[in-house]
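What follows is one structure encoded as structure tokens, with my remarks underneath.
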Amino acid sequence: MNLARHLTFCPPGTPYFDLPTAGVSVDDDFPAATRALEEGWYRTVGTEWVMLMPPKAALPAQGWKIHVSAGLENAARILDVTWDYAVRGGISFKFIRSRKVLMRRNGKYGDRGSSGKFITIYPQDEAHLETILNELGDLLEGEQGPYILSDLRWRSGPLYVRYGGFVALTTRSESGEMVHCVQAPDGRLVPDRRSPGFHPPDWVTMPDCLGESLAARNTGTLQDFPYTVEKALHFSNGGGVYRGVDTRTGGCVLLREARPLAGVDANEEDAVARLKREHQVLDRLSGLPWVPRLVDYRIGYEHYFLVREYVNGEPLVVELGRRNPVCGEGPEDGLVEYTAWALNLLDEIERGIEALHARGVVFGDLHPSNIIVRPDGSPVFIDFETASTDPEVAQLQGAPGFTAPAGYRGPAVDRYALGCLRLALFFPLSTLLPWGPQKIDEVIAFVCAHFPVPEDFAAKVRGDLGPIADLTAVSPAGAARGAFQPSSMTALQDVAEGILATATPERSDRLFPGDAAQFFSPEGGIAFAHGAAGVLWALAETGAEVPVTHIDWLESAARRLDDPALGFYNGLCGIAYALDRLGRTGAALDLLSQVRAQETGRYTDELFGGLAGIGLTHLHFARRTGDRTYLDDAERIAEQIIERPAPSSDRWVPSGLMRGSSGAALLLLQLHTETSELGYLDAAQRLLHSDLRALGWTSEGTWGKGAIGRRTTIAVGAGGTGMVLHSFLTHRFDEQFAQARDAVRSASRRALSRTVSLFQGQTGTILTLLHLGEEPGSPLLAQHLDCLGLHAVRHNGQVAFLGFESIRISTDLATGGAGVLLALDGVITDRRPGLPFM
């Protein structure tokens with residue numbers, strides 16, 4: 001998942017992921033949003049856009065559209081000019097409704113493909129396009145805005161052009177996701193590409209009026225630029241980061257690019273302002289061994305570039321995952337060696353921070369991704385765009401888990417982050433600290449209990465954290481789990497009550513707060529992975545009483561969906577499965593009839609949103625109803641999977657239970673159980689061998705270096721695949737499967753995961769161990785269960801669990817409290833629920 005995308009769904013004032021438009025009101029709108037209309041014109045106001053249509057408007061379905069770019073300072077002026085011109089000419093257009101929305105779309109975490117798009121104008125044809133470009137271009141001459149990366153620029157002003165849909169036309173991708181489309185001349189729907197880069201459809205002929213602009217784009221290269229780019233390392237809305245070569249010396253360099261007026265942060269500074277600050281700071285810190293050497297700073301083709309020494313090494317966040325023996329991939333007997341390495345590194349980082357302060361610089365963004373560890377073990381600080389030379393400056397921005405509390409200033413900001421870093425090297429969950437002072441005690445207690453840190457470790461951490469740590473009163477040796485006692489008799493009830501307390505039946509988009517993915521699609525807040533279906537199913541499976549009003553909400557929300565995804569975790573199949581469990585079998589079968597009416601051949605084989613989940617749902621209802629036609633559908637889907645050619649060995653293929661071949665193998669195993677057909681078992685065996693290769697399993701019977709299978713998570717790593725391997729081995733022995741299954745079981749012994757997530761973390765590991773035969777009362781599962789308490793917080797007096805990257809509370813099945821319910825129930829009751837179909 002993408003952290004930057006999730007951060008856009010973190011509006012202030014709520015502990016949950018929510019729509020970025022939450023809190024936007026008419027008071028924030030540009031005056032034009034409520035400006036009086038000419039006779040016959042009509043206006044449509046959405047959450048982000050305002051659409052204006054002239055009398056008797058008839059837009060073509062698709063064509064060349066014009067985007068007007070704007071910055072924060074000139075947006076209102078550009079909008080007034082464009083409004084007057086468009087209304088005079090009877091031209092349909094829309095615009096971003098408020099400065100707040102424009103700031104977010106042009107912001108640091110905004111989408112690169114749509115950044116800068118402030119106004120959209122809809123010409124009637126190509127002649128009309130040329131007229132508008134010439135006339136409006138003259139009116140807006142000299143105005144500036146962020147470069148729109150998906151479009152072709154008209155001359156040097158704020159007008160841009162691209163070919164695309166004028167009205168909403170969508171279809172489903174192979175993975176079941178809704179994508180915007182345009183129609184090809186033969187009637188086919190093809191994706192309307194909105195990604196960075198000007199990519200008109202192949203069949204479209206460029207209008208003559210755009211010839212000069214296209215030529216300018218094709219010849220627009222960096223002049224007198226003595227660096228060549230070897231590899232793009234990172235992109236954001238503010239620009240790119242590249243590894244390159246200095247053509248004058250042959251030396252390896254890193255180039256940081258900044259786009260004017262783009263990448264705007266909370267202080268309304270664009271990427272260029274931050275890059276200028278970084279240049280000044282690197283110059284001041286010249287010669288320090290903890291700081292990369294500054295090489296150059298220049299403008300190239302309207303963008304700004306800072307060039308510095310390329311630092312060989314790995315980001316500290318990667319080193320932690322590779323070395324940590326409790327939370328990472330380090331050897332379990334390596335505690336002493338790892339602790340010595342971590343403490344030495346922390347000492348050197350502290351010396352580096354003190355050296356920065358001695359030169360009057362506050363780093364302001366210290367965290368593991370901003371530290372490179374050289375091959376010799378020495379640390380180097382990178383990314384100084386938020387650094388400051390003001391000793392009283394407040395933190396401009398910070399990474400989750402390393403952002404100082406309000407009121408911290410200057411060097412105290414860095415010291416706080418250093419305290420978080422001391423914990424993060426041993427316990428990668430510093431995002432817990434802002435959720436209550438007792439969390440500091442819990443985290444310190446965990447580190448002291450699992451690592452041979454010195455006696456003054458806790459005091460150093462508290463000294464760095466500053467006043468916030470003074471609020472804690474429990475010693476490391478006796479720290480109590482204040483938020484949640486997972487082994488208590490009331491644990492299940494506490495979690496269920498905490499989930500139910502968050503319900504918002506008055507909302508139409510979601511019933512329970514979950515991951516930001518709830519807002520990525522119309523089904524997100526309803527579906528099984530992140531929505532109400534999975535939460536209500538988990539509540540029912542674990543014995544909680546589910547309010548009838550909540551079941552009504554789910555059924556009504558499902559019926560309102562227009563052209564929904566069909567898959568299990570992202571669409572109708574999972575909703576039908578949940579409604580059946582909740583006693584609404586008739587409604588469930590109605591939804592399944594919608595699935596049966598659709599062509600599924602273009603779907604991928606995956607369990608999450610593809611054929612495997614659809615087939616397993618049909619098999620479930622064949623067993624529930626005794627209706628042979630559902631079994632026929634499941635077998636038809638299985639044949640589609642079996643007949644597909646194996647993926648090419650020279651390209652990347654998805655792996656694991658949710659996205660790889662293991663989900664399809666699970667369907668075939670279930671069909672073998674149902675029908676006794678050996679062909680299904682043979683095909684399942686082939687698919688599992690394929691998935692093991694994709695996960696990085698070698699012919700030597702081990703995971704390859706850096707193999708994704710070293711992770712034991714259910715969704716991405718080998719945890720879910722290990723479950724299916726275990727099930728397969730009850731039917732037929734396969735030596736590789738037994739070895740891989742045992743490797744998954746062994747790796748799952750590590751006590752702490754970075755997240756509570758069922759798909760990506762702690763609860764998924766617990767369910768994996770249970771499925772692989774670990775006894776519920778074993779010391780190992782007791783240790784895992786105890787770690788659940790570390791992820792718990794209290795909100796409004798109720799137990800809650802933090803979801804993705806522990807930055808917001810989640811109750812959903814995939815990332816939050818509903819998954820915790822399954823894990824708890826599996827360990828402390830006789831019901832032993834697991835994942836659906838497992």
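None of these values were measured; they are calculated from a predicted model.
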I'd like to know if the side chain of [X] reaches the main chain of [Y], judged simply by a donor and an acceptor atom lying under 3.5 Å from each other, with no hydrogens or angles considered.
X      : Y      : value
Asp509 : Phe519 : no
Ser430 : Cys420 : no
Gln762 : Ser753 : yes
Ser556 : Trp553 : no
Gln395 : Ala404 : yes
Thr755 : Gly761 : no
Asn106 : Ala70  : yes
Arg659 : Val716 : no
Thr713 : Gln760 : no
Ser115 : Arg112 : no

Would a 4.5 Å heavy-atom cut-off, applied to side chains only, mark [X] and [Y] as touching?
X      : Y      : result
Ser92  : Leu52  : no
Leu822 : Leu767 : yes
Thr120 : Phe93  : no
Leu102 : Phe118 : yes
Glu805 : Arg754 : yes
Val756 : Leu802 : no
Thr82  : Ile121 : yes
Asp562 : Pro522 : no

Could you tell me which non-hydrogen atom of Leu511 sits nearest to which non-hydrogen atom of Ala532, and how far apart they are? CB-CB, 3.9 Å
Minimum heavy-atom distance Glu541-Arg581, with the two atoms named: OE2-NE, 2.6 Å
In a table with atom names and distances, give each donor-acceptor pair under 3.5 Å that connects a side chain of residues 611-621 to protein atoms at least two apart or in another chain.
{"residue": "Thr617", "atom": "OG1", "partner": "Gly613", "partner atom": "O", "Å": "2.7"}
{"residue": "His618", "atom": "ND1", "partner": "Ile614", "partner atom": "O", "Å": "2.8"}
{"residue": "His620", "atom": "NE2", "partner": "Asp580", "partner atom": "OD2", "Å": "2.9"}

Check whether the side chains of [X] and [Y] place a donor and an acceptor atom closer than 3.5 Å, and report yes or no.
X      : Y      : value
Glu497 : Gln493 : yes
Asp111 : Ser114 : yes
Ser810 : Thr815 : yes
Glu523 : Ser521 : yes

Result of checking Gln518, Arg507, Arg808 against Asp18 for side chain to side chain donor-acceptor pair (under 3.5 Å): Arg507
For the residue pair [X] and [Y], is the inter-centroid distance of their aromatic rings smaller than 6.0 Å?
X      : Y      : result
Phe9   : Phe17  : no
Phe95  : Phe30  : no
Phe801 : His791 : no

Using the side-chain contact (heavy atoms from CB on, under 4.5 Å) rule, pick out the option among Leu821, Leu835, Asp515, Leu758 that qualifies with Leu813. Leu758
Identified side-chain contact (heavy atoms from CB on, under 4.5 Å) partner of Pro513 from the options Ile499, Thr502, Ile809, Asp812: Thr502
Interatomic spacing from [atom1] in [X] to [atom2] in [Y] - rounded to 0.5 Å:
X      : Y      : atom1 : atom2 : result
Leu561 : Leu572 : CG    : CG    : 6.5 Å
Arg105 : Thr8   : CZ    : OG1   : 11.0 Å
Arg559 : Asp590 : CZ    : CG    : 5.0 Å
Thr765 : Ile714 : OG1   : CD1   : 7.5 Å
Leu7   : Gln397 : CG    : CD    : 10.0 Å
Ile119 : Trp83  : CD1   : CH2   : 10.5 Å

How far apart are the C-alpha atoms of Glu48 and Arg97, what are their side-chain angles, what is the distance that settles it, and do they pass the salt bridge (charged side-chain N to carboxylate O under 4.0 Å, His left out) test? CA-CA 6 Å; Glu48 293 193 341; Arg97 61 180 289 177; over 6 Å; no
If you apply the rule side chain to side chain contact (heavy atoms under 4.5 Å, CB included), what do you find for Asn237 with Lys108, and how did you get there? CA-CA 6 Å; Asn237 193 26; Lys108 188 173 183 180; over 6 Å; no
Could you check whether atom CD of Glu545 has more than 12 heavy atoms from other residues, nucleotides or ligands sitting under 6.0 Å from it? no
Is atom CD of Glu38 surrounded by more than 12 heavy atoms (other residues, nucleotides or ligands) closer than 6.0 Å? no
Does Asp441 form a salt bridge (charged side-chain N to carboxylate O under 4.0 Å, His left out) with Lys439? I'd like the steps, not just the answer. CA-CA 5 Å; Asp441 289 310; Lys439 281 299 172 186; over 6 Å; no
Could you walk me through whether Asp28 and Arg99 satisfy the salt bridge (charged side-chain N to carboxylate O under 4.0 Å, His left out) test, starting with their C-alpha distance in whole Å, then the side-chain angles of each, then the deciding distance to 0.1 Å, before giving a yes or no? CA-CA 7 Å; Asp28 303 314; Arg99 191 174 187 275; over 6 Å; no
Does the pair Ile551 and Thr549 meet the rule for a side chain to side chain contact (heavy atoms under 4.5 Å, CB included), with working shown? CA-CA 5 Å; Ile551 305 173; Thr549 54; over 6 Å; no
Under the salt bridge (charged side-chain N to carboxylate O under 4.0 Å, His left out) test, residues paired with Arg35 that sit two or more places apart: Asp84
Is there any ring-ring contact (aromatic ring centres under 6.0 Å, His included) pair reaching into residues 807-828, and which pairs are they, with sequence neighbours excluded? none
Assign the ring pair [X] / [Y] to parallel, tilted or perpendicular, where the plane angle (0 to 90°) is split at 30° and 60°.
X      : Y      : result
Tyr577 : Phe568 : perpendicular
Phe608 : Phe759 : perpendicular
Tyr16  : His795 : perpendicular

Run the side chain to side chain contact (heavy atoms under 4.5 Å, CB included) check on Leu500 and Gln798 step by step: do they pass? CA-CA 10 Å; Leu500 290 168; Gln798 300 285 349; over 6 Å; no
Determine, step by step, whether Lys117 and Ser150 satisfy the side chain to side chain donor-acceptor pair (under 3.5 Å) criterion, reporting the C-alpha distance in whole Å, the side-chain angles of both residues, the deciding distance to 0.1 Å, and the verdict. CA-CA 10 Å; Lys117 296 176 182 177; Ser150 63; 3.2 Å; yes
